[in-house]
There are 2 protein chains.
Amino acid sequence: MDIVEINKVLSNQIRIDILNWLKKPEDNFPKQIYVPDFSDGVCVCHIQDKSGLSQSTVSHYLNMMQKVDLLIATRHGKWTYYRRNESEILKYIQTLSNEL
Amino acid sequence: MDIVEINKVLSNQIRIDILNWLKKPEDNFPKQIYVPDFSDGVCVCHIQDKSGLSQSTVSHYLNMMQKVDLLIATRHGKWTYYRRNESEILKYIQTLSNEL
DNA sequence: ATTACATATCGAGATATATAGATATGTTTT
DNA sequence: AAAACATATCTATATATCTCGATATGTAAT
């Protein structure tokens, strides 16, 4: 749990937005086609559409969010799905509460 | 309360350290000479000594921490004292808890 | 096997941050 | 008023981040 690294990741509004959108995928993204529900998260293409950023930028953002364990990635076929890592997010907030 | 701006400020270990040192000034800094206690905080020169950074860098860091309301500055004579803004720090953590 | 597609990675230019030394400002002491 | 001192601001260079288009990789469909 590297607080400084996580804070860098969270120093960007779009990345915070992504974390928020993934709280309620049903409310923020269209139904997915090749998986029955959002239990593994949302595919990159939908997040890209919603963010308005380029494919490479979104992929990069999601990767950095995964590297600090804010997100979990799962691959199904040619799609990669990202979802929140709730326990790490909670741990981050608790660590902040203690260490700030 | 601009979460992104605060996160930028907290994306640096020394700045987090400063926030921590100011939790217990008695434990982290030498006695001050021209004020009776730490109730207005710690003067820039002591924070500079402890951090090992240049005077201009420390002044810049403290200023940016004050701009986002993490710190409060008070001037006494030629010294400027900085202390934690506890209510804003708490508000920041609460906001994060809600918005992440 | 080839094509099509989703995502990841690479390379690059623009912008922001880090950090220092030099200088300016404001205060106190002489 | 001059000197000394603490802090703030300015200027500059090095490094990091942002963001994109181009390319590579992996998977699925034909």
- In whole angstroms, how far is the P atom of C/dT9 from the CG atom of A/L62? 12 Å
- Does the side chain of B/K91 reach to within under 4.5 Å of the side chain of B/S87, using non-hydrogen atoms? no
- Identify whether any heavy atom of A/T80 sits under 4.0 Å from a base atom; if not, whether one sits that close to sugar-phosphate; answer base, sugar-phosphate or nothing. sugar-phosphate
- Considering heavy-atom distances to DNA chain C, does B/G77 or B/S11 have its closest nucleotide positioned more toward the 5' end? B/S11
- Would you please confirm or rule out a distance under 4.0 Å between OP1 or OP2 of D/dT9 and any side-chain N or O of B/S59? no
- Per B/S54 side chain, nearest of listed nucleotides D/dT7, C/dA20, D/dC18: C/dA20
- Item | Quiz item: A/S56 side-chain donor-acceptor pair to D/dG21 base, under 3.5 Å | yes
- Query: Closest nucleotide of DNA chain D for A/K8 versus for A/K78: which of these residues is on the 5' side?
  - Reply: A/K8
- Item | Polar contact flag, side-chain donor to acceptor under 3.5 angstrom, A/Q94-A/N98 | no
- Note on the structure: From NE2 of B/H60 across to C1' of C/dT17 the rounded distance in Å is 8 Å
- Query: Between B/Y34 and B/L53, which is nearer to the 5' end of DNA chain C once each is assigned its nearest nucleotide?
  - Reply: B/L53
- Task: Would you mind reading off the distance between B/E5 atom CD and C/dA16 atom C1', rounded to a whole angstrom?
- Result: 11 Å
- Message: Whether the side chain of B/Q55 and the base of C/dA20 hold a donor-acceptor pair under 3.5 Å is what I'd like checked.
- Response: no
- Message: Without decimals, in angstroms, what is the distance between B/Q48 CD and D/dA8 P?
- Response: 11 Å
- Between C/dA18 atom P and B/N63 atom CG, what is the distance in whole Å? 13 Å
- Is any NZ, NE, NH1 or NH2 atom of the basic residue among A/K24 and A/E26 found under 4.0 Å from an Asp or Glu carboxylate oxygen of the other? no
- Task: Look at all strands and tell whether A/Y82 reaches a base, only sugar-phosphate, or nothing, counting heavy atoms closer than 4.0 Å.
- Result: sugar-phosphate
- Message: Just the rounded figure in Å: distance from C1' of D/dC18 to CD of A/Q13.
- Response: 15 Å
- Please check if the distance between the ring centroids of A/Y34 and A/H76 is under 6.0 Å. no
- Query: Does the side chain of A/R75 get closer than 4.0 angstrom to OP1 or OP2 of C/dA6 through an N or O atom?
  - Reply: no
- Atom pair distance, as rounded to whole Å: OH in A/Y81 and P in D/dT27: 14 Å
- Item | Spacing of A/N7 atom CG relative to D/dA16 atom P, expressed in whole Å | 18 Å
- Task: Decide whether B/T57 and B/S54 meet the rule of one side-chain donor and one side-chain acceptor closer than 3.5 Å.
- Result: yes
